[in-house]
Amino acid sequence: MSLIEVVDLSHSYGEREILKGLNLGIDKGEAFALIGPTGAGKTTLLRIMDLLEVPGAGEIYFDGKHVPRSGKQRLEIRRRMSFIHQKPQVFNLSVYDNVACGLRWRGEKRNRIANKVDHILEMVGLEGYRNRDARTLSGGEAQRVALARALVLEPEVLLLDEPTANLDPISTAKIEQLISNVARQQNTTMIMATHDMSQGQQLSDRIGVLLDGRLVQTGNATDIFRSPTNEAVAHFVGMENILEGVVVENNEGIALVNIDGYIIQAVSGYPVGKEVYACIRPEDITLLIPDGGQQTTVKSSARNSFQSEVTRVTTLGPLSRVEIDCGFRLIALVTRISAEELNLQAGKEVYATFKATGVHIIEKGSGQ
Amino acid sequence: MTEIWDGLTKAVQLLISLDPAVMEVAGRSLTISATACLLASLICIPLGSLIHFHHFRGKRVLINIIQTLFSVPTVLVGLFLLVLLSRSGPLGELRLLFTPTAMVIGQMILITPLLLGLTISALSGVSKEIADTATSLGASGSQAIRLVLKEARYAVLAAVMLGFARAISEVGCALMVGGNIRGATRVITTVISLEAGKGNLELAIALGMILLLLALIINIVLNRLQQR
């Protein structure tokens with residue numbers, strides 16, 4: 001049974017509808033990542049789940065019990081959770097007092113508080129900062145205080161709202177490490193909102209994609225990244241090649257899709273005549289150089305192979321993003337080294353190849 | 001201009017000699033204003049928090065009224081209280097007129113708008129996310145309010161200091177409801193006004209200096225508290 005369940009949740013701020021009939025169940029011990037662009041409603045959903053806000057419509061169940069819309073019970077339930085906000089708000093107190101707050105509010109004994117706080121400060125690497133004024137800390141340190149402040153409560157549920165959005169890469173790595181340690185050691189249920197897909201992939205068991213107030217897809221990382229259910233999700237998870245086409249033939253699960261007169265083969269059950277999007281991840285496209293210009297086909301297990309011309313090469317750290325024209329536009333991602341070895345540059349002739357299994361077909365107009 | 005210089009030297013003399021009459025009047029000023037300030041703070045800080053943290057119809061109007069009352073003339077408060085407390089007035093039975101208690105009440109009324117208004121604005125200066133964060137960490141409503149007050153402590157203390165300053169420096173109300181009775185309701189400001197009227201400028205100025213000195217000492221003490 002789900003530890004937290006929301007049913008038909010809707011919420012508006014004034015005229016603006018933020019959440020639109022959302023259903024979601026989070027299991028005990030699960031690490032769930034809520035991904036979606038800024039403004040999709042992630043924060044609002046987390047705030048409602050933490051009982052900081054009362055939803056406009058819909059119900060919440062915690063540990064099988066219905067959560068009332070007001071009353072003392074909400075405080076009791078809220079005390080079983082902790083929330084880490086995007087921008088850490090440290091209180092104008094010492095680091096120690098910041099971390100001790102939640103325990104004091106729960107009426108814990110003074111010496112137990114001291115033990116717990118010292119232990120958690122050590123865990124987040126702030127043991128030397130005990131008496132520092134929390135306001136004088138850097139962003140990364142402040143976020144560690146916020147994390148310590150939440151973790152010291154040993155919550156059953158930890159809600160994280162873009163916990164690393166404002167941090168530099170080193171602080172981000174530290175925070176991510178801490179979060180995954182806690183999740184593993186204490187079997188805490190975690191719900192994390194992030195716009196960073198790799199973070200979602202790395203820290204969670206299951207991902208939900210929130211777009212425009214709707215939970216459009218939930219599943220494990222592979223499902224979401226390989227098989228998005230609609231065009232919007234495909235865009236969001238980095239399917240840079242989304243081609244419009246029509247199924248013209250289907251031979252036992254291998255569909256031929258006509259894209260501007262070019263035929264690509266894809267694994268799909270859609271029948272002839274179906275209008276679809278063919279989605280190809282840029283890293284699934286291989287670029288080959290025709291040897292001697294004699295061969296017209298390139299030996300490869302890939303079913304799709306198109307003669308094309310490089311139009312642009314951009315370097316992205318260790319990778320190169322190659323834009324090619326093969327009658328339709330494709331984007332391929334190759335390592336910078338291989339881009340150099342193949343001497344890829346604008347005007348260069350290449351073969352773009354990809355497998356039929358590398359093409360994900362989405363029905364046009366689905367989930368819109 | 002020699003009066004000012006003479007006043008200064010006189011002030012030093014009075015202080016060094018610990019002139020009993022001056023000490024008594026200064027002590028009474030301090031006691032009455034500190035009591036008024038303390039009582040008003042005990043009412044206004046919680047009440048201000050209540051106003052700040054609750055949404056209700058007419059909140060904005062209420063805050064406007066409170067802020068307007070910052071400039072209520074001290075004599076007007078005195079007059080209002082005089083009517084209330086006079087023998088034939090509605091609270092005449094209490095026989096409070098021309099007592100230090102009446103003066104404390106007068107000063108409380110005088111500084112209540114100031115303390116309320118400044119408490120509200122001190123709390124508005126604390127980011128809403130602070131209260132939110134506290135709530136998400138399991139603070140009850142009153143625990144969250146206490147934390148926000150703590151966050152605003154410097155601004156709240158400044159409000160209290162300003163309230164005390166207005167209380168100890170006012171003369172209109174103290175004169176009207178206190179009556180400037182020797183040995184009973186005479187405070188520094190009423191003596192200054194009396195002595196100046198009698199042409200005793202030197203003594204009046206000296207007393208003014210002593211009042212400022214008193215204020216200085218209190219500020220130093222409160223600032224020390226603040227830094228801890």
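Quick note on labels: first sequence line is chain A, next is B, and so on, each numbered from 1.
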Roughly how far, to the nearest 0.5 Å, is [atom2] of [Y] from [atom1] of [X]?
| X | Y | atom1 | atom2 | value |
| --- | --- | --- | --- | --- |
| A:Arg78 | B:Leu137 | CZ | CG | 10.5 Å |
| B:Ser136 | A:Gln89 | OG | CD | 10.5 Å |
| B:Thr135 | A:Arg74 | OG1 | CZ | 11.5 Å |

In short, B:Ser140 meets A:Leu75 closest at the heavy-atom pair CB-CD2, 3.7 Å

Determine whether A:His85 and B:Glu129 make a side-chain contact, defined as any pair of heavy atoms from C-beta on separated by less than 4.5 Å.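 Sidechains of B:Glu129 and A:His85: no contact.
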
Notebook entry, point to check: Does the side chain of A:Arg149 come within less than 4.5 Å of B:Thr133's, by heavy atoms?
Noted result: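 Contact flag for B:Thr133/A:Arg149 side chains = yes.
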
For residues 91-116 of chain A against chain B, heavy atoms under 4.5 Å, the residues are A:Phe91, A:Asn92, A:Leu93, A:Cys101, A:Gly102, A:Trp105, A:Arg106

Open item on the list: Does B:Phe80, at its CZ atom, have more than 12 non-hydrogen atoms belonging to other residues, nucleotides or ligands within less than 6.0 Å?
Closed with: no

- Greater than 12 external heavy atoms within 6.0 Å of A:His66's NE2: yes

